[in-house]
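For reference, positions follow the sequence shown, starting with 1. For clarity, every value in this text was computed on a predicted model and none was experimentally measured.
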Amino acid sequence: MQYWIPASLVASLFISGCSLFPEEVTEQSAVEAKPVAELKVPAGLTAAKKPAQYDIPPAPNAPVTEVELKSPMQVLALATNSRVEEEEKEARIWFERSEFTGELLPYLKKNVLDFGKEKQIEITQKDQEGLVFETGWVSRFEEEGFWLWKDMVEKEQSRFLIVLEPKPHRRTVGVRVQLLEHRFIENDTKLSAIAQKREEVYFLNRLVDKVATVELVQINLKKAQSRHITLTTGFDAQGDAAMITGQSLDASWAQLELLFEQNGFVVNDLDRTKYSFFLTYTKPETGFWDSLWSDEETIDVPLTEGDYQVVLTKAEVGTLISWRDSEGKVLSAEQVSALHQALVKIIKKGNIEL
């Protein structure tokens, strides 16, 4: 019995040896595809129509071209009054007249010329109406080198045509960019059709970004002009000096939180039921480098360092803001007046509605 078990085990290993000890798999030659014989149609029947639109024409000697593996460029409608039409074949974008543009055609002409000045690109008007502009050579650079020896090296140059296409009513104007000429600095390689379109779209997007930036400045300026500061000085029912704002109680509470955030005030505690802030004021420190590099004006708040209370109460129109010291004593009219002048500057700087 004890000899039979090993013998059986050896026999089973020999039987399954192909799976336990596989030989190295050798590369097999490609299987040749056998052509499928045409379908034989019995006599008296008509063969089904065979569409030829999916047939691949034989081209045994056709050269293998290199495929350009780059993502397609898209025209970006960055400005609020811009749009791109579906199935557009050209590098073109459309602008609509808005409250920020005024007369649209002169607005776009100015943006085109200003774009050239900012980017140091020569832009020349080519017609009397000012609808066609031609650029000088626009250079493209790539970073080369290592660490401290990095340098921007010019790789290619392009020239473009910028065409403004106004609708008859002049409230809609298209801006189209066309590549006129291109050259590589180091070789004579020609651009493919896809690469040409990419160059046109890239230049057009830079131009649209200029228009969007100008528009954003105008939007922010209009918001700042429309924002009316209602914060004034006055007296409460007890005859104590206070500040008065036309904002509601809840709106004033939220705006004061923004005012305290970055102007030397630390909110230690607050009581929303009594609309009271408990603050500590510390004069912001301005270091040497801050004074050297910072462009922002430092606003001096006329308060001594220490603890204060700010209490809000509802007025007939708006909200009363009472400033008090750490013991709850109301600040004098002179202190409130001086503090009001500083807070108005902070409100303008921080775009706070108060």
Query raised in the report: Are Val344 and Met243 joined in one hydrophobic group, where the rule is that I, L, V, M, F, W and Y side chains link up if heavy atoms are under 4.5 Å apart?
Result: yes
Query raised in the report: Is the distance between the ring centroids of Phe115 and Phe203 less than 6.0 Å?
Result: yes
Query raised in the report: What's the verdict on salt bridge (charged side-chain N to carboxylate O under 4.0 Å, His left out) for Arg176 and Glu88, showing C-alpha distance, side-chain angles and the deciding distance?
Result: CA-CA 11 Å; Arg176 178 171 57 87; Glu88 176 64 72; over 6 Å; no
Query raised in the report: What distance separates Ile219 CD1 from Ser98 OG, expressed to the nearest 0.5 Å?
Result: 7.5 Å
Requested in this report: May I have all residue pairs that pass salt bridge (Lys or Arg N to Asp or Glu O under 4.0 Å) and include part of residues 96-109, sequence neighbours excluded?
Outcome: Arg83-Glu96, Arg97-Glu103, Glu99-Lys222
Requested in this report: Give the minimum heavy-atom separation between Tyr308 and Thr304, together with the two atoms involved.
Outcome: OH-O, 2.7 Å
Query raised in the report: Under 4.5 Å between any side-chain heavy atoms of Leu258 and Glu261, yes or no?
Result: yes
Query raised in the report: Taking ILVMFWY side chains as joined if any heavy atoms are under 4.5 angstrom apart, and letting links pass through other members, which residues group with Val41?
Result: Leu45
Report task. Please report the shortest heavy-atom distance between Leu113 and Ile123, naming the atom on each side. Result -> CD2-CG2, 4.2 Å
Requested in this report: Go through the structure and list residues passing salt bridge (charged side-chain N to carboxylate O under 4.0 Å, His left out) with Arg140, not counting sequence neighbours.
Outcome: Glu199
Query raised in the report: With sequence neighbours excluded, what pairs up with Glu118 under the side chain to side chain donor-acceptor pair (under 3.5 Å) test?
Result: Lys210
Report summary line: Residues joined to Leu148 in its hydrophobic cluster, side chain to side chain under 4.5 Å directly or through other members, sorted by chain and number, are Phe146, Trp147, Trp149
Requested in this report: May I ask you to say whether Lys283 pairs ionically with Glu305, meaning some side-chain N is under 4.0 Å from a carboxylate O?
Outcome: no
Requested in this report: Step through the shown structure and confirm whether more than 12 heavy atoms of other residues, nucleotides or ligands are within 6.0 Å of CD on Glu181.
Outcome: yes
Report task. Evaluate the side-chain hydrogen bond (donor to acceptor under 3.5 Å, both in side chains) criterion for residues His182 and Gln196: first the C-alpha distance (whole Å), next the side-chain angles of each, then the deciding distance (0.1 Å), finally the verdict. Result -> CA-CA 9 Å; His182 178 275; Gln196 291 180 21; over 6 Å; no
**Report entry** Within one Ile-Leu-Val-Met-Phe-Trp-Tyr cluster: Val266 and Leu256, side-chain cutoff 4.5 Å
**Finding:** no
Query raised in the report: Any link between Val84 and Leu164 through a network of hydrophobic side chains (Ile, Leu, Val, Met, Phe, Trp, Tyr) touching at under 4.5 Å?
Result: yes
Requested in this report: Give a yes or no on whether Phe278 and Leu331 share a hydrophobic cluster (residues Ile, Leu, Val, Met, Phe, Trp, Tyr; joining criterion: side-chain heavy atoms under 4.5 Å apart).
Outcome: no
Query raised in the report: Would you say Leu104 and Arg170 make side-chain contact, with heavy atoms under 4.5 Å?
Result: no
Query raised in the report: Within a strict 4.5 Å, meaning less than it, do heavy atoms of the Asn263 and Ile299 side chains meet?
Result: no
Report summary line: Looking only at heavy atoms, the pair that brings Thr189 and Phe184 closest together is O-CD1, 3.2 Å
**Report entry** Heavy-atom side-chain contact between His340 and Trp323 under 4.5 Å
**Finding:** no
Query raised in the report: Does CD in Glu327 sit with more than 12 non-hydrogen atoms of other residues, nucleotides or ligands closer than 6.0 Å?
Result: no
Query raised in the report: Just wondering, are more than 12 heavy atoms of other shown residues or ligands nearer than 6.0 Å to CD in Glu144?
Result: yes
Requested in this report: Check whether any side-chain heavy atom of Val310 lies under 4.5 Å from a side-chain heavy atom of Phe260, and answer yes or no.
Outcome: yes
**Report entry** Ser158 vs Leu179 side-chain heavy atoms within contact, under 4.5 Å
**Finding:** yes
Report task. Before accepting this row, confirm whether a basic side-chain N of the pair Asp325/Lys329 lies closer than 4.0 Å to the acidic partner's carboxylate O. Result -> no
Query raised in the report: Which other residues belong to the hydrophobic cluster containing Ile244, where Ile, Leu, Val, Met, Phe, Trp and Tyr are joined when side-chain heavy atoms lie under 4.5 Å apart, directly or via other members?
Result: Leu320
Query raised in the report: Are Phe95 and Val214 linked, directly or through other ILVMFWY residues, by side chains that come within less than 4.5 angstrom of each other?
Result: yes
**Report entry** Tyr275/Trp253 aromatic ring centres below 6.0 Å
**Finding:** yes
Report task. Measure the shortest side-chain to side-chain distance between Val301 and Leu339 over non-hydrogen atoms and say whether it is less than 4.5 angstrom. Result -> yes
Query raised in the report: Taking all atoms of both residues into account, what is the closest heavy-atom pair of Ala251 and Gln247, and its distance?
Result: CB-OE1, 3.7 Å
Query - Contact check, side chains of Val330 and Gln335, non-hydrogen atoms, under 4.5 Å - result: no
Query raised in the report: Would one find more than 12 heavy atoms of other residues, nucleotides or ligands at under 6.0 Å from atom NZ of Lys110?
Result: no
Report task. Locate the shortest heavy-atom distance separating Thr233 from Ser337; write the atom from each residue and the value. Result -> CG2-CA, 4.3 Å
